[in-house]
Amino acid sequence: MNPLIITCAITGAEITREKQPHLPVTPQEQAVAAEEAIQAGASVIHLHVREDDGRPTQRVDRFRESIDAIRARCPRAVIQVSTGGAVGESIENRAKPLELKPEMASLNLGTMNFGEDVFYNHPKDIVALASRMRQLGVLPELEIYEAGMLESAFRLLKQGVLREPLHFQFVLGVPGGMSGDPRNLMHLVSLLPSNQFHWGVAGIGRYQLPLAVQAMVMGGHVRVGFEDNIFYHRGEVAQSNAQLVARISRIAKELGREVATPEKTREILKIG
Ligand code: KMH
Ligand code: ZN
């Protein structure tokens with residue numbers, strides 16, 4: 001089976017220190033969390049940044065600080081910046097970290113209810129973000145929360161806005177999108193027409209582990225981390241992002257699935 005790409009979403013935009021005391025917030029904390037996650041088997045760091053007081057921000061200087069700090073501790077990591085930001089962030093701000101020309105960036109494929117909020121992704125903004133990524137040589141990771149968004153991605157591929165090979169992240173379990181029911185992942189994967197596509201799954205909350213295991217068996221990739229889930233077991237907060245990554249690496253080993261190094265990940269996703 002193909003090597004397993006583990007992405008670690010170390011911080012996110014919504015989780016607070018009150019809920020997860022080990023949440024990395026400052027660039028230095030993020031660098032330590034990223035280094036530990038890479039050592040535990042992650043190869044991609046999905047990056048949101050915060051101000052020192054924990055507020056989410058899309059300030060380009062803050063992204064630069066975090067990326068420099070992560071690079072200093074783990075130069076091999078593939079860094080994927082978020083263009084999703086926090087709910088309610090302007091599209092102009094969401095696009096800002098692209099100017100740093102990261103290797104990867106997230107691209108959200110549609111508008112949806114997101115818990116009690118609405119996560120807006122206007123079609124023209126999706127096209128603009130995708131086009132800017134293409135101009136700057138940034139690989140988009142396509143964030144898919146329900147099946148209609150996957151079909152939107154296929155339309156954008158036909159229109160030439162996106163290019164193969166596409167890399168999908170199925171984010172399942174956000175209230176407002178598809179839940180983490182295993183049949184939803186089966187259905188989404190069944191809609192992928194060929195192996196010209198890469199896919200992974202990010203299960204939210206209690207869905208994180210079962211969906212990760214399902215994806216590993218199905219040949220997909222996995223995202224874990226505090227952005228999506230703060231618990232190790234029910235009611236027991238995880239001690240670090242790396243703890244969540246290490247569990248996936250151990251299960252992969254048991255399943256006989258090699259864990260991709262950052263170098264292998266670049267080769268698989270054709271980065272650089
Ligand atoms: N914070 C969520 C509203 C992404 O990084 O692209 C959106 C999000 C997706 O986290
Ligand atoms: Zn994110």
Side-chain angles (χ1 to χ4, degrees), residues 6-16 19-20 23-25 30 33-34 37 42 44-51 54-60 62-63 66-67 70 78-98 100 102-122 125-130 132-133 138-146 149-150 152-153 162 166-178 199-205 207-208 221-230 241 244:
I6 304 176
T7 297
C8 190
I10 56 175
T11 299
E14 284 84 22
I15 298 299
T16 61
K19 292 211 170 97
Q20 174 39 282
L23 183 75
V25 168
Q30 290 190 312
V44 180
I45 301 297
H46 172 78
L47 188 66
H48 289 253
V49 297
R50 306 284 187 101
E51 301 294 354
R55 275 178 303 124
T57 178
Q58 290 291 108
R59 274 199 305 119
V60 77
R62 194 60 167 181
F63 268 101
S66 280
I67 291 171
I70 292 170
V78 176
I79 299 179
Q80 177 193 101
V81 301
S82 170
T83 68
V87 166
E89 185 59 91
S90 71
I91 194 69
E92 291 73 25
N93 286 344
R94 284 170 50 184
K96 280 183 179 161
L98 294 179
L100 298 172
E103 288 179 290
M104 291 181 83
S106 60
L107 179 67
N108 294 271
L109 268 293
T111 295
M112 62 185 293
N113 290 343
F114 202 93
E116 300 305 308
D117 296 305
V118 179
F119 183 31
Y120 282 103
N121 290 287
H122 193 285
D125 294 333
I126 298 171
V127 170
L129 283 174
R132 191 69 187 135
M133 288 184 205
V138 179
L139 175 71
E141 175 179 275
L142 308 172
E143 312 294 321
I144 304 294
Y145 303 79
E146 47 92 353
M149 294 188 193
L150 184 56
S152 297
L162 296 175
L166 300 184
H167 170 54
F168 295 104
Q169 189 70 264
F170 299 129
V171 185
L172 300 182
V174 175
M178 276 175 140
W199 65 272
V201 73
I204 304 300
Y207 293 120
Q208 186 167 83
H221 303 291
V222 168
R223 178 171 111 177
V224 292
F226 290 168
E227 173 166 346
D228 305 327
N229 167 45
I230 59 175
N241 278 285
L244 297 170

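Just the heavy atoms: all of them, side chains too, but no hydrogens, waters or symmetry mates, feed the values below. By convention here, the first residue in the shown sequence is residue 1. Numbering of ligands and ligand atoms starts at 1, following listing order.
Ligand 1 places these atoms under 4.0 Å from at least one heavy atom of Gly84: 4 (C), 6 (O). Close contacts of ligand 1 with Val87, meaning ligand atoms under 4.0 Å from a residue heavy atom, involve 3 (C). Below 4.0 Å from some heavy atom of Glu14 lie the following atoms of ligand 1, by number and element: 1 (N), 2 (C), 3 (C). For ligand 1, the atoms closer than 4.0 angstrom to any heavy atom of Asn108 are 4 (C), 6 (O), 9 (C). Counting atoms of ligand 1 from 1 in the listed order, those under 4.0 Å from a heavy atom of Tyr145 are 9 (C).
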### Criterion side chain to side chain contact (heavy atoms under 4.5 Å, CB included) on Tyr207 and Leu172, from CA distance to verdict
CA-CA 8 Å; Tyr207 293 120; Leu172 300 182; 6.0 Å; no
### Derivation and outcome, salt bridge (Lys or Arg N to Asp or Glu O under 4.0 Å), residues Glu143 and Arg223
CA-CA 12 Å; Glu143 312 294 321; Arg223 178 171 111 177; 3.8 Å; yes
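Taking only nitrogen or oxygen atoms, main chain and side chain alike, His46 reaches within less than 3.5 Å of ligand 1. Below 3.5 Å of separation, one finds an N or O of Gly85 facing an N or O of ligand 1.
In the model, Gln208 has a side-chain atom that pairs as donor or acceptor with a side-chain atom of Asn229 under 3.5 Å.
In this structure, the side chains of Leu98 and Thr83 come closer than 4.5 Å at one or more pairs of heavy atoms. A heavy-atom distance below 4.5 Å is not found between the side chains of Val49 and Val25. Inter-residue side-chain proximity for Gln58 and Pro97 is flagged as met; some heavy-atom pair is nearer than 4.5 Å. The closest side-chain heavy-atom distance from Val78 to Met104 is below 4.5 Å. The shortest distance between side-chain heavy atoms of Asn108 and Ile126 does not fall below 4.5 Å.
Looking only at protein heavy atoms, the nearest one to atom 6 (O) of ligand 1 is Ser106 OG, 2.6 Å. At the shortest separation from atom 4 (C) of ligand 1 among protein heavy atoms lies Ser82 OG, 3.3 Å. Looking at atom 10 (O) of ligand 1, its nearest protein heavy atom turns out to be Glu227 OE2, 2.9 Å.
Of the listed residues (Thr11, Thr7, Ile10, Asn241), just one forms a side chain to side chain contact (heavy atoms under 4.5 Å, CB included) with Ile45, and that residue is Ile10.
The number of heavy atoms from other shown groups lying within 6.0 Å of OH (Tyr120) does not exceed 12.
For the Zn ion (ligand 2), the count of nearby protein N/O/S atoms, taking only those under 2.8 Å, is 3.
The aromatic rings of Phe170 and Phe168 sit parallel to each other, their planes meeting at less than 30°, with 60° as the upper class boundary.
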